[in-house]
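The structure presented is a predicted model; accordingly, all values stated were derived computationally and were not measured.
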Amino acid sequence: MKKNYLNSVVWIVLFVVLTLLGLYWLPDVQVAGWSMRKIDLLADLRNDSTDKSNIKDKDLSPEKRHQINIPVLEGSYLTHDKDGNVITVEDSIINAMSELGPKKDSVTSIVDMSAGAQGGMEHFYKALSQSSSRPVRIAVLGDSYIEGDLMTSMLRELLQQRFGGMGCGFLPITSITAKNRITVRQTFDGWTQHKAVDHRGYEDAYNNITGNYFNASPHAWVNMVAFGKYYSLCGSCSSSSLYYLGDTGVGTVSAYINGEFYGQYSLDDYSSVSKVTVRGDIKTVKWVVDDSSGIVFLGASMDSDIGVIVDNYGMRSSRGNHLCRINDRILSGFNDLRPYDLVVIMYGLNVAAEKERDLTSYCAQMTQAIENIKRCMPSTSIMMVSCSDREERRSDGFHTMRGVLGLIQAQKRIAINARVPFWNLYDAMGGEGSIVNMVKNGEAARDYTHATTKGGDHIAHLLYDALMLGYDNR
């Protein structure tokens with residue numbers, strides 16, 4: 001007589017079903033930036049809308065509450081727009097202020113929250129009108145989204161075409177993306193790099209706007225070759241500087257321009273940031289440290305004496321929180337030597353990825369960062385840029401990562417509280433699903449997060465159009 005296995009099969013099937021149901025509660029798994037698809041047997045029955053648990057406005061009726069499909073920042077509340085739709089108070093303020101500014105079809109305008117106070121766009125627009133007689137400097141602070149001069153290369157080219165200028169701007173002395181940067185060919189040897197994202201070895205005593213500092217071994221060198229194949233105005237420059245902290249020691253460096261020895265210079269003991277500058281028709285510049293004696297270096301530059309200079313301060317894995325604990329003496333000293341007319345703050349990917357529900361700490365840190373910049377760089381325009389679209393795979397396909405929309409609300413709040421301009425990159429890209437379309441067009445990588453060079457150029461045009469809309473209607 002054959003043994004009946006029916007009971008065993010039933011138990012095995014039940015075990016498999018329960019196991020698969022249980023896998024839904026496993027934490028999200030990411031490999032090399034890819035999110036593994038969540039196993040969800042009940043996907044067709046589940047409501048995948050964004051969490052609304054932080055709604056604070058008790059006066060909203062139940063039928064109105066369902067309209068909100070964005071995370072509501074802790075401590076905020078909901079209100080209605082002019083069409084009666086439920087929106088956050090941050091959106092209400094941003095929308096009201098945007099009505100006061102210039103508008104143009106297909107351009108997402110910059111919303112200036114400063115109301116004429118320190119940090120607004122007025123200073124930058126005035127500086128652009130003076131670009132024929134002085135340098136106009138822009139610092140773009142961000143994470144891997146702009147790493148390797150991505151986006152800023154085209155933004156620089158567009159601005160230099162209209163307002164003059166040449167050169168790729170400020171460079172870290174060493175970089176893991178040096179071989180990928182297409183605006184300069186950079187080689188180096190003999191340096192120890194310290195980055196703000198390092199858990200060990202980075203001393204806040206040397207913390208500065210670049211997020212880097214470097215120690216030199218004997219005869220350390222950095223060689224920079226201007227490269228204008230893709231962005232023509234980066235093909236040469238008229239000056240190069242080597243920046244260092246003047247109170248860390250004394251020493252000497254030698255400069256070579258276009259392969260020829262140019263001169264040797266003393267690195268004196270100043271109280272703050274110092275620099276050595278050489279000038280000429282520069283295609284190639286090499287700095288060699290003859291005697292470092294413990295001096296801390298910040299970076300080098302390839303600049304012009306008039307026109308627009310755009311500095312890229314992209315740092316992989318950065319949240320930008322090193323700016324909230326920045327050294328005032330160094331930031332003020334750096335501003336004395338390299339004053340910026342506009343600082344663009346565009347961190348976010350590394351915050352959104354964590355899917356934090358409580359962004360209170362992030363808001364406090366970035367608000368403090370802006371206050372630090374205002375205090376040490378009092379004549380600078382400061383613009384907060386929102387997080388870009390970043391997609392995650394869900395049971396029904398790709399959707400904007402849940403953390404992105406909540407982060408954008410936090411960034412709006414920061415701009416409102418700090419009274420600085422705000423530009424919504426997420427909206428400018430096209431909002432929900434825009435990074436998916438960019439992937440299809442070869443403008444973004446298949447991590448559905450980072451732009452390619454082509455995509456960086458696309459983002460640069462969007463930002464340039466927003467800047468020029470403000471400038472032309474100032």
- Pairs flagged by salt bridge (charged side-chain N to carboxylate O under 4.0 Å, His left out) wherever residues 320-333 is involved - sequence neighbours left out: Asp204-Arg325, Asp247-Arg329, Asp328-Arg375

- Query: Does a donor on one side chain sit under 3.5 Å from an acceptor on the other, for Asp341 and Tyr125?
  - Reply: no

- Message: Could you measure the distance from the CD atom of Glu371 to the SG atom of Cys376? Nearest 0.5 Å is fine.
- Response: 11.0 Å

- Query: Hey, does the side chain of Glu147 reach the backbone of Thr177 with a donor-acceptor pair shorter than 3.5 angstrom?
  - Reply: no

- Item | Within residues 180-201 or reaching into it, pairs that qualify as salt bridge (charged side-chain N to carboxylate O under 4.0 Å, His left out) - sequence neighbours excluded | Asp149-Arg181

- Message: Using the side chain to side chain contact (heavy atoms under 4.5 Å, CB included) criterion, which residues pair with Asp336? Sequence neighbours excluded.
- Response: none

- Query: How about Tyr202 and His194: are their ring centres within less than 6.0 Å of each other?
  - Reply: no

- Presence of salt bridge, Arg390 and Glu392, under 4.0 angstrom: no

- If only atom types and distance count, is the side chain of Ser381 paired as donor or acceptor with the main-chain N or O of Phe124 below 3.5 Å? yes

- Determine, for Lys454 against Glu443, whether the closest basic-nitrogen to carboxylate-oxygen distance falls under 4.0 angstrom. no

- Message: Regarding Asp303 and Arg137, does a basic nitrogen lie under 4.0 Å from an acidic carboxylate oxygen?
- Response: no

- Message: Using the rule given for side chain to side chain contact (heavy atoms under 4.5 Å, CB included), can you reason through Leu323 versus Leu141, listing the C-alpha separation, both sets of side-chain angles and the distance that settles it, and then say yes or no?
- Response: CA-CA 10 Å; Leu323 298 172; Leu141 315 179; 3.7 Å; yes

- Please report the C-alpha distance between Thr380 and Leu342 in whole Å, then the side-chain angles of each, then the deciding distance to 0.1 Å, and finally whether the side chain to side chain contact (heavy atoms under 4.5 Å, CB included) criterion is met. CA-CA 6 Å; Thr380 302; Leu342 173 64; 5.7 Å; no

- Note on the structure: The complete set of ring pair (Phe, Tyr, Trp, His ring centres under 6.0 Å) pairs with one or both residues in residues 281-302, sequence neighbours excluded, reads Trp191-Phe297

- Query: Cut-off 3.5 Å, side chains only: do Asp91 and Thr88 have a donor facing an acceptor?
  - Reply: yes

- Message: Quick one: does any side-chain atom of Ser131 pair with a main-chain N or O of Ser129 as donor and acceptor, under 3.5 Å?
- Response: no

- Message: Please check: side-chain N/O of Glu122 versus main-chain N/O of Gly116, any donor-acceptor pairing under 3.5 Å?
- Response: no

- Message: Once ring pair (Phe, Tyr, Trp, His ring centres under 6.0 Å) is applied, what residue pairs with a partner in residues 408-431 remain, sequence neighbours excluded?
- Response: none

- Message: Would you call the rings of Phe163 and Tyr471 parallel, tilted or perpendicular, taking 30° and 60° as the class edges?
- Response: perpendicular

- Salt bridge between Arg279 and Asp305, side-chain N to carboxylate O under 4.0 Å? yes

- Task: Please name all residues satisfying side chain to side chain contact (heavy atoms under 4.5 Å, CB included) with Leu150, sequence neighbours left out, ordered by chain then number.
- Result: Ala451, Thr453

